[in-house]
Every structure is written in structure tokens, then in C-alpha cells.
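Remember, it's a predicted structure, so these values are computed and weren't measured experimentally. Convention: sequence-line order gives letters A, B, ...; per-chain numbering from 1.
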Protein chains: 2
Amino acid sequence: MSEQPAAMPKPKKSVALSGVVAGNTALCTVGRTGNDLHYRGYDILDVAETCEFEEIAHLLIHGKLPNRAEVTAYKQKLHGLRNPPAGVLAALELLPKSTHPMDVMRTGCSVLGAVAPESPQPTAAEARDIADRLTASFGSMLCYWHHFANHGRRIGLDAPEDSIGGHFLRLLNGTAPSAEWVRAMHTSLILYAEHEFNASTFAARVIAGTGSDIYSAVTGAIGALRGPKHGGANEVALEVQQRYATPDVAEADIVQRLTRKEIVIGFGHPVYTLSDPRNVIIKGVARRLAERAGDMTLYNVAERIESALWREKQMFPNLDWYSAVSYHMLGIPTAMFTPIFVISRVTGWAAHVIEQREDGKIIRPSANYTGPENLTFVPIEERK
Amino acid sequence: MSEQPAAMPKPKKSVALSGVVAGNTALCTVGRTGNDLHYRGYDILDVAETCEFEEIAHLLIHGKLPNRAEVTAYKQKLHGLRNPPAGVLAALELLPKSTHPMDVMRTGCSVLGAVAPESPQPTAAEARDIADRLTASFGSMLCYWHHFANHGRRIGLDAPEDSIGGHFLRLLNGTAPSAEWVRAMHTSLILYAEHEFNASTFAARVIAGTGSDIYSAVTGAIGALRGPKHGGANEVALEVQQRYATPDVAEADIVQRLTRKEIVIGFGHPVYTLSDPRNVIIKGVARRLAERAGDMTLYNVAERIESALWREKQMFPNLDWYSAVSYHMLGIPTAMFTPIFVISRVTGWAAHVIEQREDGKIIRPSANYTGPENLTFVPIEERK
């Protein structure tokens, strides 16, 4: 965690390989000036509120910002890929209500890779098709399992909504989402789509580097994103915010916790030093959703904690902090926050897998050995 | 690939992060003298033919070479963990005959993690219990799926054999394996059990570094091992050997291919420079199995190719080369070679996951950006 903003990133003690170049990418730059983010050269501030998520998925997976005709065709393609094969749905039905939703995503991806595998020698075009299929169908898998496990209902996966985010909200709630909610999903999914060599993306590249299939890489990335130090942070952020009935109570307690050197999840970042550029955008989304709902409590608590952390520790909120508020205002169950991250980030993961394949390298670092040297082998009958 | 043996390892062009320290380990050293391998300080040459696999699993997962009473208790514990839950078997039944067996392993692991999850704040003891369960049940998953998908039979998973390797051969063939075959499995599983920061183990550590569960880490590692540049190599090695009816034909063709700069899978290594210390051991296993079977053809072809590659290119065989011969002589279908690698290597993966958790670091390298800079955003209606 960066406690004092500085102009340039510096290695953090809690991060291994920090600052070590592990490969090339043309996909993303993070925090070069301390608080900027670019996808394939485009500033996140330019695209987050003007583009639909499908434009950014196309940029990441297919390499260019689509024009109107291209994005229309792309959305139709994605629409046609929403339904997972019957074998995937049957496997999801085996997972009990108590299953961690990220285990549902991980298993759904693995089963899809088993029943609709990639070719042994795939072209980039085939990998892009699979990336599109995963992007289009992860929301279906999540909501299908959710309704089956909780209510024993096999929901239909068709819906008139033409966007990934709109389709997800429709399947979740069974009703048509408002235009404002769909727009909030576009922005959120865009903000979570790509972030250079973060841990889950790096896991995907390590797996892809052995020549393995794209499903294996994405399955592994889901496993990495599941961790509370990575994708799980937005769920913990909401738990923090929901502890408090008022901003005053929140501030008093957080200041207390800071004196005990407690870490507040949702603040600081291993790469950004000045601020997380995504925060200002998602904070606006959260505020508008709260205003429209006529319930500012959670937003006001979150904002007061933001002020307190800056004043006391010069720590800034990262994307997870107000994403938690936004998703909660959209009526999304907390356990689905990280799975939604999957629906978005799979676009970045897939683009990195394709890039790693072009690179052709296996990723195999060294270790510093700290164990015993040259132990004398003792036959089993003589061992203590 | 090392074409000229040297005393010390040097970075290879096709390997990213080669020689870069990505963390600490007390589990393994590889190739410090150019051709040695130690597990927790024990020389592989001391343990590979004298120990049972369960002793080495105990060494890696539980930290010590067990005495007679400990290994007896450990084998009983593993025996009791052979049966996966019904939900896992039901999921395996959904995977068609055409499924890549590594996709079966990956999916079986993911489903087990969904239906019998690790605690959110696991102790090392809990992680070790899960590691034991995976080690004991991966062979059951593989053989259960194999017989169901190919013959529609739900096999029983109990067997009198008291070892992982013996149990696997019994489930595969439905008959009691000979003592010699069981011993060959012990040695093979020991040789494949651990290899420092290889790509699959490193994938497991990247996933574990986010605080994720051990099942996610092992699921990701299986995905990495699936790649033909990693665990898939022993299957390709057999394909090479089976191309030839006689050693003379093999030598003539291989020399031809070398002049065309073709790479022969099963030779060379990114870390060993002088030789793979495991080769001499597995070569002995392969020879004894071939002699006992009264069929030396495959072994003689493999040995002649070994001689030719050393003479022409000073390249040495790695563990995969004679593992291919050995597994073939044991009657194991080629598509199961890499899954058997999983049954063994899960012991090393699990030990690394536990170690990475003690370390407490997230693994997050940097990238070298090669893409476009500061592109001007064009609104969609104006895009080309």
C-alpha cells in the first residue's frame, strides 16, 4: 500500500516481482504518470462513459474500436453465443446452493472447455471466437446456477436486451433493467476489463505460455481473481461499508482502526501512486444510482471513509470501493461482485492469452532456496 | 535448449523470467551443479528407487520423510480418501469420450473444490488434508471417467492395493498389478513429484498469492501442465518413438530431421545443462519393463535416438523420454500420461501453495509496453 503519493511507482514489500518485466504487451499501460490507465493507447477517461462495453471488448479481443456497423454485428454475434451447451448447464445443476459463485464460474469455464474444446493448434481467430463465447455466456452460467440452486428453477437465457450488462440484469432480476442501470453496467464492465500484468492476467499468461488451451488459461485466471487480495476485494469493501449506519459512526470507527494499523480493503494500489483513475468515474456512477434510488446512506458512508483515509493516511480509494456501492444499488447480491469482474476481465485475459501465444515463450522463473542442504538419506527402518 | 553442455545454467531465449528469482522455497533445488535434483535437501538419486511414492508425498506435503509407523498411517489415510463425492462423479459422467483427459482432471478438481470447499481462512493443516485428498483421488477420477465414457461402466473405486500407483493400475486394468509394475509406478511418481518453479507450479503460486483457495491453485496448475511445452511432452515423446519400426530407421530419420533444425520433444531442458538426473533412473525402469515384457523394440528405438541426439547435437533426454517408454510398457493409454503427471505433481503444487501462503505476497510483475501511445478517441459515429 502506498501511504505517501509519489510521482513514480516504487516496489512494494508485499508484492513479488514488482517492477520486474515478465513480457511484452500492447494492451495496456497502468499508472505511468501515477494515475492514468490506457487500453491499447486509449485513455480510460475517454472511453468509460461514452462507449458501450461491447466496444471495449471488441477493442481488447479484436484489436480495434469498432465503428457502428462493426459493433452492431459484434453485439449480434455475442447475442448468439449466450446459451452454454447442455452439458455445461447440467454440470452447474450439480453445484449446491452453498457453492462459492467463483467456483461456479471456474467450473463452468472448465466444463465448457471440456465439451467444446479449442483445437490443438488453434488460430488466433479461433481463440477470439472462444473469447467472445466466454464473454457472452459467463453471465448466463452465473444466473442459471443462481436461480437453479436457490429456487430450483431452470431459467431461459434469452432476453431482448442487446448488451452483456443488460442481459445479466434481466437474467438476475427477471425484469427489464432501466436504461440508467444498463449504462452503469457498461461503465463498470469497461473499468474492470483490463489491467496489464495483474495477478489473474499473469496467471493466464503463465498457463498460456506452456501452449495450453485458452479455457485452461481463463479457468486459472478465475481461480486467481477469486482471492481476497485481488478480485474478492469489492465484496469485502461492501462488508466494511455496511458495518456503519451513519457517516459519523463510520469515520469514528475507521480512525480508531487506523490507529491499530488495520488495513481498509478498497484503498491503495500496488501500481498507482497518486490515485486510481477509475475512482472518479465509478464514484459518479455510484452517486447517480444512489440519488435515483433515493437512498444516500451507503454512498455517504463510503464517501466519509474516503475523506478520512485521505486525511489520516493520504490513501486513495481504488476501483473496488465505489464499485461495491454501485453493485449494491443495482440490487446485485454481494457474492456476485467478483463473478461480474470475471464477465468483464475475460476480455483482457483472452487478449493476453493471444498475445502470449504470439510471444511463444514459456514463463519459468527461478527461486531462492531456503531449505536444508544435502541431507543424508536414512532407510525407512532406521528413521526416527 | 542447451546444445552445448556448460557448468552453469544460462538464460534461454524461449523462456521468460529465466534466472529471475520470483520467491523463496525450501522444497527443491534443480540443476545447481548442472545435473542434480533435491527434494527438501534429499538427492533424487537416493530416494527414487528406495522409497515408496507415499514417503515422498509425505516429505513434500507434510515436511518429513516418514518412519515406518508414519507411512503406514499415511497410506491408510490416503486409502480412506480415494472416493470422490457423488457430485464429482456425476460431473465426470457429463464429460464425453472425446474429452481431453487433462480437461477431466481440471474439471474434477474444480468440482471437488466447489462441493467440498476449503475454509475462507484455512490453516496449513486443512490445506494438507486437501492435498492428501487430491493425491488420493485424482487416479479415481481419471479411471472412473475413462471407464464410464468409453464403456458406460460405473467402476468401484475400492481395491486392495495400498499404494497410489497400485490403485491406479488396478482401476485402469481391473486386475491386480504385479509387484514390479507397482514399483515402476512408485519410481515414476517420485520422479515427477516436484521441480521448483516450473510453469505449472509457478501458476499455482501466482493463484495462491492472491489468497485464493488451494483447489483454484491446483486447477490452474493442471491447466498449465496440459500444455505441450510442459506436461504434454511425454505424450509427444511416445508419438516420436512409435513412428519407427527399427532403431536403424529411427536414427536415419532423426538425423535427417536435425539437419532441417527440427526440435525433438523429450530432449534438452531449460534448467539442466549437463543432463537430467532423472533420466538414468527412468531409463532403467523402462529397460526392465521392456525386458520383462519380452519386447525391446520401443526401448531400442528410444535408446538409438538418444545416442544420435547426443552424437549430433550433444542433447540429452529429459524425464519425459523414457517415461513414455515406461508408461507404454505398463499398458497405460497415451492420453493418460499427462494426467498421471498430475497425480504425482499435485504433491509438489500443494507444498508450494502452503509455502506461498506463509510468504504472504501477491505475485504481480510488470510488462514492457509495445503498443500505440495516446490515441485520440473518436466517437463511434465518426469512426472508420
Side-chain angles (χ1 to χ4, degrees), chain A residues 14-17 19-26 29 40-42 46 67-68 87 90-91 94-95 99 103 106-107 110-111 113-114 196-197 199 202-203 206-207 210-212 216 219-220 223-224 226-230 270 361-373 375 377 380 383, chain B residues 14-17 19-26 29 40-42 46 67-68 87 90-91 94-95 99 103 106-107 110-111 113-114 196-197 199 202-203 206-207 210-212 216 219-220 223-224 226-230 270 361-373 375 377 380 383:
Chain A
S14 61
V15 184
L17 291 180
V20 175
V21 171
N24 296 323
T25 187
T29 57
R40 290 196 188 271
Y42 292 103
D46 288 336
N67 59 33
R68 177 61 66 195
L94 295 170
L95 304 181
T99 306
D103 294 352
R106 189 188 65 212
T107 300
S110 185
V111 175
E196 205 222 30
F197 280 19
F202 188 52
V206 172
I207 294 167
T210 71
S212 194
S216 287
T219 301
R226 185 187 191 282
K229 293 181 186 175
H230 191 13
K361 291 199 174 87
I362 193 166
I363 298 173
R364 203 283 182 214
S366 293
N368 174 47
Y369 185 64
T370 58
E373 299 282 354
L375 296 181
F377 177 72
I380 189 162
R383 282 180 216 150
Chain B
S14 60
V15 184
L17 291 179
V20 175
V21 171
N24 296 323
T25 187
T29 56
R40 289 195 189 270
Y42 292 105
D46 287 336
N67 60 31
R68 177 61 67 194
L94 295 170
L95 305 181
T99 306
D103 294 352
R106 189 188 65 211
T107 301
S110 185
V111 175
E196 204 223 30
F197 279 19
F202 187 53
V206 172
I207 294 167
T210 71
S212 195
S216 287
T219 302
R226 185 186 190 283
K229 293 181 185 176
H230 191 12
K361 289 198 174 84
I362 193 166
I363 299 174
R364 203 282 182 213
S366 293
N368 175 46
Y369 185 64
T370 59
E373 299 283 352
L375 296 182
F377 176 72
I380 188 162
R383 280 179 217 151

Query raised in the report: Among A:Gly211, A:Ala203, A:Gly220, which has the most heavy-atom pairs under 4.5 Å with chain B?
Result: A:Gly211
Query raised in the report: Which pair of non-hydrogen atoms, one from A:Asn24 and one from A:Phe197, has the smallest distance, and what is that distance?
Result: O-CZ, 4.2 Å
**Report entry** Any side-chain donor near an acceptor of the partner, A:Thr210 and B:Arg226, under 3.5 Å
**Finding:** no
Report summary line: Ranking A:Thr29, A:Val21, A:Val111, A:Leu95 by heavy-atom pairs under 4.5 Å to chain B gives rank one to A:Val21
Requested in this report: May I ask you to name which of A:Glu196, A:Arg364, A:Arg383 has the most heavy-atom pairs under 4.5 Å with chain B?
Outcome: A:Arg364
Query raised in the report: Say you draw a straight line from CD1 of B:Ile207 to CZ of A:Phe202; how long is it, rounded to the nearest 0.5 Å?
Result: 11.5 Å
Requested in this report: Under the side-chain hydrogen bond (donor to acceptor under 3.5 Å, both in side chains) rule, collect the residues that match up with B:Thr25, sequence neighbours excluded.
Outcome: B:Glu355
Query - Stepwise salt bridge (Lys or Arg N to Asp or Glu O under 4.0 Å) check, B:Arg40 with A:Glu373 - result: CA-CA 8 Å; B:Arg40 289 195 189 270; A:Glu373 299 282 354; over 6 Å; no
Report summary line: Highest number of heavy-atom pairs under 4.5 Å with chain A among B:Pro365, B:Ser212, B:Gly223, B:Ser216 belongs to B:Pro365
Query - Part of A:Thr219 lying under 4.5 Å from any heavy atom of chain B - result: side chain
Report task. Identify which of A:Ala26, A:Gly23, A:Gly371 forms the greatest number of heavy-atom pairs closer than 4.5 Å to chain B. Result -> A:Ala26
Report summary line: Answer key: most heavy-atom pairs under 4.5 Å with chain B among A:Val20, A:Val206, A:Thr99, A:Asp103 is A:Val20
**Report entry** A:Pro372 vs A:Leu375 side-chain heavy atoms within contact, under 4.5 Å
**Finding:** yes
**Report entry** Heavy-atom pair count under 4.5 Å with chain B, highest-scoring of A:Pro228, A:Ala22, A:Ala367
**Finding:** A:Ala367
